[in-house]
Amino acid sequence: MASENKSCKTEELLEISKDSEVELCVEDSSSDDEDLIQVDKENGSDSSYEILLPQSDDEDYEPPSPSSPAQPSEPDHCQATQSTSAPAVPQLPESSNNDDYEQPLQSPAKRKAKSKPARSKSRKSGPPEQEEMWRNEKVEDRNPEPFKFMPSREPGPTFNKTASWSPLSLFQLFFSVPVVQTIIQNTNANAARRKAAGIKFQWTDLTVKDFYIFLAIIVFTGLVSIHHRADYWKREWPYNFHFPQEYMSRNRFEAIMWSLHLSNLKDDEENQKKRNTPQYDRLFKIKPLYDQIVNACKANFQPYENICMDERMVASKARIGVKQYMKAKPTKWGYKLFVLADSASGYTWNFFVYTGKSESSISHGLSYSAVLDLLPFPLLGQGYTLYLDNFYTSSALLQHLHKNRFGCCGTIKKTQSDFPRTEKNDFPKRAERGDMRWIRKDEVLFVKWINTREITMCSTVHRAFSGKTVQRRVKEAGVWSAKQIPVPDAVLDYNKNMRGVDLSDVLIRYYSVQQKTKKWYKTFFYHFMDIAIVNSFILHKEICRSQGREPVTQKKFWEHLAAEMLSFAVGSAPAAPSPTLTCMPRYYSSDATQSRRYCRRCLDAGIPRVKTPIYCRACNVPLCLTSKKNCFEHWHKLQEYLSSVNVH
């Protein structure tokens, strides 16, 4: 008689397991009921019971065959099927491990979950990584080891500082004799070309005298500013200047300014043929003076320990591709120069004109390549500290400079890819003035400081905080009062040493020789003159300091320079050959009775009362010439005899 299938509850199954001494293995499944799988023992147990599981779609699961012989069952127990043998167990592959083998009676969801590799919760071997977090000023930072300052030359002027250097001699270090001769030759060639083109103007070849008078007038226009250039030659009050009208006419000055040219005309034409090719040089027209000024700036001065870099704008409205726009500068439109200056004196040590993207700027970025282009490491030496603004500063640049034994400090943008992104222990929502946070990554220190706004810095030469403070006005309980607040060392040194380029710009703006022009290369000519004069003034101050003298003011320096240019122009002019005059008698006046003087021959003979209105035009000697007395002839014969005796 076949056994009847009856259902039972979970509590009944548990009672059966206690009474039957059968060891059961309990596992979770996707069904609501627990799957109970019977485990056979070696000693044998009642194997006539098999706990049935809810049927699933698993293809490996096979229900008991209905044709198998039935066994007597207990009516009060749960649903069971009597069989003569245990159900078949699937064969394991030879390469599998029995310990890892799961019983076949599982749901598909359970089998799918079991098939995924388990994630290891154990960490990698080694010390645990320190989590990146911001630290405040109370946490002590290590002091970075500074590089030894070893410049290639002694800092300061590189020439003999004990000699006497006039403003003109310092200026001629930048406008040397060869470059002046080149400008004069190219200007004369350009004037000849303009004349051949049919332009009508009066022109005589430019000489060294004319060129230095031209420069003196330009320097004078930087000292005395008026609205129209033609007013310098007016004779009416208030424009009745003695200079420049006494040295050069207005037409001559304008002719030189119109014809001024720096490069060779034939080379210009060859360069124009290369336009729209990689070989085309946009700055070719200023190359002779450009190269001379840059080389002279580096040759005549060695920077001190702290240097800085920034952009400079030269105002221009010319329609040329070199012109740039900078919103953050007072001069919005113009030519952009990248300048490296000495932080202490403001001396312009190196610069280059930005002409657009190049291969180096595309591969490394403009801010990265511009810094390296201005830093000739062998010429400078080691141990310098460079200060930058947030346009240039990056962790990669600081690490590169550190490898070359250069320190660096500057502001940095929080959007930089290498700036720390962690917010752990960051500023509270309402941070107070003077709060700071810092993180150090190897040699690079990142600092955030609250002043009127949040300031972010990056440095390889500073520690985070050494206890320094600054005075600021703070509002407490509705009352403003002065208070000492903590400040990072990097902020103090940055404010002190980042002013080099700004100081140079200020000195140029005080007195500038800039003139209105439609030619872009003439704009650079005037700016190169500004650089040469300002650097000459800085060298003058360095020489006076080494000699223990008081330097003159910048205004006095410009005045002395203009005066010496005029003196040099007059002295450089060759003396005009005097015409050969023959000895001929002349009257002192139209009336023979007036302007009578004592005869030289009669005076030498002891007769001082004889006067004559006649003199020799060649010898400029008064001599008698009458029908009875001819001192003119006798005196000249005596002079010829004396000269022949002296020769022998």
Side-chain angles (χ1 to χ4, degrees), residues 128-144 306 308-311 326-330 343 365 367 385-399 407-499 501-502:
E129 297 181 0
Q130 186 176 4
E131 186 177 1
E132 186 180 82
M133 64 176 292
W134 291 103
R135 296 169 174 82
N136 57 22
E137 65 273 13
K138 297 179 182 179
V139 181
E140 194 71 19
D141 183 26
R142 66 179 177 86
N143 200 6
N306 297 316
C308 62
M309 179 180 170
D310 204 353
E311 306 97 27
M326 287 195 68
K327 183 179 180 180
K329 292 291 183 180
S343 298
S367 59
T385 302
L386 176 65
Y387 290 87
L388 306 168
D389 63 15
N390 58 15
F391 176 75
Y392 309 95
T393 310
S394 65
S395 179
L397 176 62
L398 267 66
Q399 291 175 358
C408 188
C409 174
T411 56
I412 187 171
K413 298 176 183 177
K414 296 178 69 174
T415 55
Q416 276 281 349
S417 59
D418 46 12
F419 190 83
R421 302 297 180 188
T422 180
E423 296 182 357
K424 189 172 184 180
N425 197 29
D426 204 349
F427 287 124
K429 193 169 185 179
R430 293 187 177 180
E432 296 181 358
R433 198 170 191 177
D435 288 351
M436 69 178 70
R437 296 291 187 272
W438 64 272
I439 287 178
R440 181 173 291 279
K441 293 183 178 180
D442 298 330
E443 300 298 333
V444 182
L445 171 70
F446 297 91
V447 180
K448 299 195 297 184
W449 181 59
I450 300 295
N451 193 17
T452 54
R453 59 181 180 85
E454 183 177 314
I455 297 173
T456 52
M457 301 285 297
C458 187
S459 175
T460 58
V461 295
H462 296 96
R463 59 187 300 184
F465 181 62
S466 63
K468 296 180 180 179
T469 60
V470 291
Q471 183 175 327
R472 292 290 187 270
R473 288 177 57 82
V474 181
K475 190 175 184 180
E476 295 179 345
V479 179
W480 288 95
S481 61
K483 183 180 178 181
Q484 295 291 333
I485 64 173
V487 59
D489 297 0
V491 174
L492 287 179
D493 288 346
Y494 178 85
N495 291 336
K496 179 182 177 182
N497 297 303
M498 189 57 195
R499 66 185 188 93
V501 178
D502 295 335

Report the residues that fulfil side-chain hydrogen bond (donor to acceptor under 3.5 Å, both in side chains) with Asn306, sequence neighbours left out, ordered by chain and then residue number.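 Checked Asn306 against side-chain hydrogen bond (donor to acceptor under 3.5 Å, both in side chains); matches are Asn497.
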Can you name the residues that form a side-chain hydrogen bond (donor to acceptor under 3.5 Å, both in side chains) with Glu476, not counting sequence neighbours?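 Listed in chain order: Lys483.
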Are the side chains of Val474 and Trp480 in contact, using a 4.5 Å heavy-atom criterion?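 No, side chains not in contact.
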Answer whether the closest heavy-atom distance between the side chains of Val470 and Ile485 falls below 4.5 Å.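 Sidechains of Ile485 and Val470: in contact.
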List, one per line, each side-chain donor-acceptor pair under 3.5 Å for residues 407-417, sequence neighbours excluded.
{"residue": "Thr411", "atom": "OG1", "partner": "Asn390", "partner atom": "N", "Å": "2.9"}
{"residue": "Lys414", "atom": "NZ", "partner": "Glu454", "partner atom": "OE2", "Å": "2.9"}
{"residue": "Gln416", "atom": "NE2", "partner": "Thr393", "partner atom": "O", "Å": "3.3"}

Nearest-0.5 Å distance, OG of residue Ser367 to CE of residue Met309: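 Between atom OG of Ser367 and atom CE of Met309 there are 9.0 Å.
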Between NZ of Lys424 and CZ of Arg135, what distance do you get to the nearest 0.5 Å?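 That separation rounds to 9.5 Å.
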Of all the heavy-atom pairs spanning [X] and [Y], show the shortest one and how long it is.
X: Trp134; Y: Thr422; value: NE1-O, 2.9 Å
X: Ala396; Y: Asp418; value: N-OD2, 3.6 Å
X: Ala464; Y: Met436; value: O-SD, 4.4 Å

Quick one: side chains of residues 487-496, donor-acceptor pairs under 3.5 Å with protein atoms, not counting sequence neighbours, listed by atom name and distance.
{"residue": "Asp489", "atom": "OD1", "partner": "Ser466", "partner atom": "OG", "Å": "2.8"}
{"residue": "Asp489", "atom": "OD2", "partner": "Ser466", "partner atom": "OG", "Å": "2.7"}
{"residue": "Asp493", "atom": "OD2", "partner": "His462", "partner atom": "NE2", "Å": "2.6"}
{"residue": "Asn495", "atom": "ND2", "partner": "Val491", "partner atom": "O", "Å": "3.3"}

Set of residues satisfying salt bridge (charged side-chain N to carboxylate O under 4.0 Å, His left out) with respect to [X], sequence neighbours excluded:
X: Lys441; value: Glu132
X: Arg433; value: none
X: Arg499; value: none
X: Asp141; value: Arg440

For Glu311, what residues pass the side-chain contact (heavy atoms from CB on, under 4.5 Å) criterion, not counting sequence neighbours?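 Counting only residues at least two positions away or on another chain, Glu311 forms a side-chain contact (heavy atoms from CB on, under 4.5 Å) with Met326, Lys329, Lys336, Phe338, Asp389, Phe391, Tyr392.
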For Gln471, what residues pass the side-chain contact (heavy atoms from CB on, under 4.5 Å) criterion, not counting sequence neighbours?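 Gln471 satisfies side-chain contact (heavy atoms from CB on, under 4.5 Å) with Ala482, Gln484 once adjacent residues are dropped.
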Verify, without hydrogens or angle tests, whether Trp438 (side chain) and Asn136 (backbone) share a donor-acceptor contact under 3.5 angstrom.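 Yes, because the side chain of Trp438 sits within donor-acceptor range (under 3.5 Å) of the backbone of Asn136.
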Show your working on side chain to side chain contact (heavy atoms under 4.5 Å, CB included) between Arg437 and Phe427 and close with a plain yes or no. CA-CA 7 Å; Arg437 296 291 187 272; Phe427 287 124; 3.7 Å; yes
Please tabulate, for the side chains in residues 442-450, all donor-acceptor contacts under 3.5 angstrom to protein atoms that are two or more places apart in sequence or on a different chain.
{"residue": "Lys448", "atom": "NZ", "partner": "Asp426", "partner atom": "OD1", "Å": "2.7"}
{"residue": "Lys448", "atom": "NZ", "partner": "Asp426", "partner atom": "OD2", "Å": "3.2"}
{"residue": "Trp449", "atom": "NE1", "partner": "Pro486", "partner atom": "O", "Å": "2.9"}

